[in-house]
Each structure stands twice: as C-alpha cells, then as structure tokens.
Amino acid sequence: MVKGLEPLLHMTNGAGNGDQTYFDPSAPPPFKIAEIRASIPKHCWVKNPWKSLSYVLRDLLIVTALIAAAIWFNNWFFWPLYWIAQGTMFWAIFVLGHDCGHGSFSNSAKLNNLVGHILHSSILVPYHGWRISHRTHHQNHGHVEKDESWVPLTEKIYNNLDNMTRVLRFTLPFPIFAYPFYLWYRSPGKEGSHFNPQSNLFSPTERKDVLTSTLCWSIMFSVLLYLSFKMGPFLVFNLYGIPYMVFVMWLDLVTYLHHHGYNQKLPWYRGKEWDYLRGGLTTVDRDYGWINNIHHDIGTHVIHHLFPQIPHYHLIEATQAAKPVLGKYYRQPEKSWAIPFHLIKNLLHSIRQDHFVSDFGDIVYYQNDPRLQKYSWTKFE
C-alpha cells in the first residue's frame, strides 16, 4: 500500500440508518445508473420555465432591495450585513445560471442561454466558457486526470509546484478566493482560459459561444468601470466589489466540499476503474441550514451530479426516492444549525490532509504531506 493511503475498508454509517458496518466506497456498486433513474418520480424530470423564472425574479428583487437599502442607510453598521447578504445572493444568482448551463432551467436552449448570460455576466462569470468546462467536470467527475473542478494534484505535479503556489493552495483563506484565478488560468497541471476561444478547453464549434460570453463579461466589467467614475470607486467597491468576494468564497467553499472533506477519505479513479456512476458516487451532499433555500438546494449534490438535467426544485424529492437504491453509497449529510458553521471543520481538516494523490494506480486516495506546515513563501525547510 502506498504510504499515506487510506485503507480501502472504512467504518461508516449506512444511508442514515445508524448501523456501523465495514464498507469499501471504491467497490463497484451492485446497482446500475438505470436503477437509480427508475426510482426517481417522473415529475422530478419536468422543467417548468415559469417556476424557474420566478426564482430569478425573487433573487433579482432581493438584490435590488439590498442595493437600495445600502444606499439609503449608508452607515458602517449596515454595510457588513449588506456585504454578507448580497454576496450570498450573488451566489444564488450563480446557481440559477448554473441551472441554465445544465439545461435544467427549461427545455429551451435559447431561454437557457439568454438567462444564463444575464445572470452570470452580472457577477463576472463567462457563461459559455464556464458552462463548457463545467460540463467536462460532470462528464468526468472523480477522474484524477480528466476532472475539471478541484481536480486532485498528482504527486509529480505537487512536487513540481513552486513554494508560493503550494502555500497558497493549502493555506486558508487563499483557496476560497481561487475561482477568478481558475477562470483565467485553470488549475495546476492544466492549460487554457475560460475567456479564450482558442483554449484547449473548447472545440472549434464552441469558439463562437465562448467569444460571445467573453464579450458579455467585458461589457459588464466596462459598466462597473463607468459606475466607478460616475458614483465613485469606494461606493462601487462597497456595493459590488466586496459582495463579489463573498460570492467567490461561497462558490469555492461549496464546490470544494462537494468533492472533499468527508469524514472518511473517498476514492479517485483513473483508467479502467473509472466509470460515470462510480465517479458520481464520490460526490457528497451537504446541509447548509436555512441557506439551503436561498442557494436553491445546491447542497443536494449527488443526484445532481448523476442527473444534472433535474431542476433544483426537485432535487430533494429525487434524492429521497433514490436513497434506497444508493444504500451505503449515499452519505447522509451532517445536519446543520441555522448557519452551517459545522462545515468549517470539514474544510480545515481537508485542507490540512488532502494534498496529492499517487501517480500510479487506478484507485487512489488523497495523501498528506507532513512537511507542508514547514513550507515558507520562498523555500522548503
């Protein structure tokens, strides 16, 4: 066994039944994806564009009301409350644009792309560039080399990182501000940009879409610059800049914990051991308390990863229906208080322990570099 590798057999709870049994999470499941699909009620697959648009209207009204309140009160008691609330709403808007990218918003590609561009451009996300790379993530979830989102570093890539990159990636709070850098440069070991139509992220037929999204992003950025000159950069920074950073923190926290930080290490695959179902079953559901409704139940993630075409407002019901089929391959999320402070410990533990995976083997687990705490910004001690 590779040094630092978790045993393949883990002590874990079954699907919420409290029974303690030995379970190998990397074992091929005894069910097929068609069985999971068949367990989900037919109405869960129905996309209601009016219902989807009602969530857009709700979120945009809240965003507008928060802006009006911030301008009205304009005091240092209200601003911190505004930053947190508005940053959370930016994250909610991202999730609705995410649904557009998956096609779960409606059956109309034109409506999906129109709404997706409006929502994502407003928070400086290049809609098509992100949509295409996120599709790659779903198609290759759990694959060491081919996955796209928070993909693990192989030992060789990890050892070749410069010290500053290594410290930034594994020292909080830097990882939860990674998203804008990922959009421009992707992850270590990967090349390309979500803004460049010529990037190897995209096929020749997708380049026009990417160019359109980059143009929309540029227009939004130009609007922000114009408003900075007209209203003053300090006000625009308070109204938009700080909430944008809160949004980035939400995005990085949620997406990271969907694939890391479970109380037992979960497998990553490559080669003949990977398939779509096994990769999807390595994702983790999370409970965010009262924020679940605000960010459109994005924490209900396992079924979403397997069937991204299911609208967000059906994910909870679909998950409940599928759990008897999933059995121990479904990991019941820890129940949250009103605010999900419990997830901080999962994030801290994973950042400290999950550093790289082996260059060899078709089933691998995260390994820990015990020397990481001794790294400085410029040298390794």
Handout entry: Side-chain donor/acceptor of Thr88 to backbone N/O of Ile84, under 3.5 Å
Key = yes

Problem - Reported CG-to-CG distance for the pair Leu119 and Asp59, which is rounded to 0.5 angstrom - result: 8.5 Å

Practice task
Examine distances only and state if a side-chain atom of Thr136 and a backbone atom of Ile132 form a donor-acceptor pair shorter than 3.5 Å.
Solution key: yes

Handout entry: Asn346 (side chain) donor-acceptor with Gly261 (main chain) under 3.5 angstrom
Key = yes

Handout entry: side-chain contact (heavy atoms from CB on, under 4.5 Å) evaluation trace for Tyr240 with Leu227
Key = CA-CA 11 Å; Tyr240 188 93; Leu227 292 175; over 6 Å; no

Problem - Neighbour count >12 (heavy atoms, 6.0 Å) for atom NZ, Lys156 - result: no

Exercise for the section: Dump the intermediate steps for side chain to side chain donor-acceptor pair (under 3.5 Å) on Thr212 and Asp209, then the final yes or no. Expected result: CA-CA 5 Å; Thr212 300; Asp209 286 342; 5.3 Å; no

Problem - Step-by-step side-chain contact (heavy atoms from CB on, under 4.5 Å) determination, Tyr366 to Phe356 - result: CA-CA 5 Å; Tyr366 266 112; Phe356 61 87; 5.7 Å; no

Handout entry: Aromatic ring proximity Tyr269/His143, centre distance under 6.0 Å
Key = no

Exercise for the section: Using a 4.5 Å cut-off on heavy atoms from C-beta on, say whether the side chain of Leu306 contacts that of Leu277. Expected result: yes

Problem - Phe78, CZ atom: more than 12 neighbouring heavy atoms under 6.0 Å - result: yes

Handout entry: Ring-ring centroid check His102 His134, cutoff 6.0 Å
Key = yes

Exercise for the section: Report yes or no: does Ser121 contribute a side-chain atom to a donor-acceptor pair with the main-chain N or O of Met220 at less than 3.5 Å? Expected result: no

Handout entry: Exercise: identify the closest heavy-atom pair between Pro49 and Leu111
Key = CB-CD2, 4.0 Å

Exercise for the section: May I ask you to decide if Lys335's main-chain N or O and Asp287's side chain share a donor-acceptor pair within less than 3.5 Å? Expected result: no

Practice task
Please confirm whether His194 and His128 have ring centers closer than 6.0 angstrom.
Solution key: no

Exercise for the section: Answer with yes or no whether the hydrophobic clustering places Trp83 together with Ile71; edges join I, L, V, M, F, W, Y residues whose side-chain heavy atoms lie under 4.5 Å apart. Expected result: yes

Exercise for the section: Please report the shortest heavy-atom distance between Ser104 and Pro308, naming the atom on each side. Expected result: CB-O, 3.5 Å

Handout entry: Test: Arg166 cationic atom under 6.0 Å from Tyr158 six-membered ring centre, within 45° of axis
Key = yes

Handout entry: Flag for Ser106-Asn112: side-chain donor and acceptor within less than 3.5 Å
Key = yes

Exercise for the section: For the residue pair Leu281 and Leu326, establish whether any side-chain heavy-atom pair is separated by less than 4.5 Å. Expected result: yes

Practice task
For residues Phe23 and Tyr329, establish whether the separation of their ring centroids is below 6.0 Å.
Solution key: yes

Practice task
Evaluate side chain to side chain donor-acceptor pair (under 3.5 Å) for Lys323 paired with Gln332, printing each intermediate quantity in order.
Solution key: CA-CA 9 Å; Lys323 279 165 64 175; Gln332 191 73 28; 3.0 Å; yes

Practice task
Inspect the contact between Glu191 and Arg186 and indicate whether a charged nitrogen and a carboxylate oxygen are less than 4.0 angstrom apart.
Solution key: no

Exercise for the section: Could you check Glu148 against Tyr182 for side chain to side chain donor-acceptor pair (under 3.5 Å), going step by step and ending with a plain yes or no? Expected result: CA-CA 10 Å; Glu148 179 63 28; Tyr182 164 71; 2.8 Å; yes

Problem - Test: Glu334 and Lys345 ion pair at under 4.0 Å - result: yes

Exercise for the section: Report yes if the side chains of Leu153 and His355 come closer than 4.5 Å at any heavy-atom pair, otherwise no. Expected result: no

Handout entry: His312/His304 aromatic ring centres below 6.0 Å
Key = no

Handout entry: Ring centre gap for His137 and His305 strictly below 6.0 Å
Key = yes

Practice task
Please indicate whether Trp337 has more than 12 foreign heavy atoms, meaning atoms of other residues, nucleotides or ligands, lying under 6.0 Å from its CH2.
Solution key: no

Problem - Test of ring centre spacing under 6.0 Å for His258 and His141 - result: no

Exercise for the section: Mind listing the closest non-hydrogen atom pair of Ile303 and Leu315 along with its distance? Expected result: CG2-CD2, 4.2 Å

Practice task
State yes or no: are the ring centers of Tyr365 and Trp268 separated by less than 6.0 Å?
Solution key: no

Handout entry: Contact summary for Phe202 and Ser193, nearest pair of heavy atoms
Key = CE1-O, 3.5 Å

Practice task
List the steps, then state whether side-chain contact (heavy atoms from CB on, under 4.5 Å) holds for His98 with Trp130.
Solution key: CA-CA 9 Å; His98 155 275; Trp130 170 84; 3.6 Å; yes

Handout entry: Rounded distance [0.5 Å steps], CD1 in Ile40 versus CD in Glu317
Key = 10.0 Å

Exercise for the section: Compute the ring centroids of Trp217 and Phe221, then answer whether they are less than 6.0 Å apart. Expected result: yes

Completion exercise
Smallest heavy-atom separation, Arg58 atom then Ile294 atom, equals NH2-O, 3.5 Å

Problem - salt bridge (Lys or Arg N to Asp or Glu O under 4.0 Å) between Glu206 and Arg131, worked out - result: CA-CA 11 Å; Glu206 295 167 334; Arg131 174 187 65 80; 5.6 Å; no

Handout entry: Ser350 and Tyr256 side chains, donor-acceptor separation under 3.5 Å
Key = yes

Problem - Non-hydrogen side-chain atoms of Ile93 and Phe247 separated by less than 4.5 Å - result: no

Problem - Single-linkage hydrophobic cluster Leu343~Ile339, side-chain heavy atoms < 4.5 angstrom - result: yes

Handout entry: Flag, side chain of Arg278 to backbone of Ser26, donor-acceptor distance under 3.5 Å
Key = yes

Handout entry: Under 3.5 Å side-chain donor-acceptor pair for Thr283 and His259
Key = no

Exercise for the section: Kindly say whether Thr300 contributes a backbone atom to a donor-acceptor pair with the side chain of Arg286 at under 3.5 angstrom? Expected result: no

Problem - Check: Ser52 side chain, Phe105 main-chain N or O, donor-acceptor pair, under 3.5 Å - result: yes

Exercise for the section: Verify whether the ring centers belonging to His295 and Phe94 lie closer than 6.0 Å. Expected result: no

Problem - Proximity of Phe181 and Trp184 rings by center, below 6.0 Å - result: no

Practice task
Keeping the roles fixed (side chain from Asp252, backbone from Tyr179), state whether a donor-acceptor pair exists under 3.5 Å.
Solution key: yes

Practice task
Check step by step if side-chain contact (heavy atoms from CB on, under 4.5 Å) holds for Trp79 and Asn74.
Solution key: CA-CA 7 Å; Trp79 278 118; Asn74 193 21; 3.2 Å; yes

Problem - Check: Lys190 side chain, Glu145 main-chain N or O, donor-acceptor pair, under 3.5 Å - result: yes

Handout entry: Flag for Thr205-Ser203: side-chain donor and acceptor within less than 3.5 Å
Key = yes

Practice task
Could you walk me through whether Tyr313 and Asp297 pass side chain to side chain donor-acceptor pair (under 3.5 Å), step by step?
Solution key: CA-CA 8 Å; Tyr313 42 83; Asp297 294 312; over 6 Å; no

Handout entry: Heavy-atom closest contact (Leu172 atom, Pro175 atom, distance)
Key = CA-CD, 3.8 Å

Handout entry: Modelled atom types, side-chain donor and acceptor of Asp354 and Asn368, under 3.5 Å
Key = no

Practice task
Determine, using ring centers only, whether Trp45 and Phe307 are less than 6.0 Å apart.
Solution key: yes

Practice task
Measure centre to centre between the rings of Tyr244 and Trp91, then say whether the value is under 6.0 Å.
Solution key: no

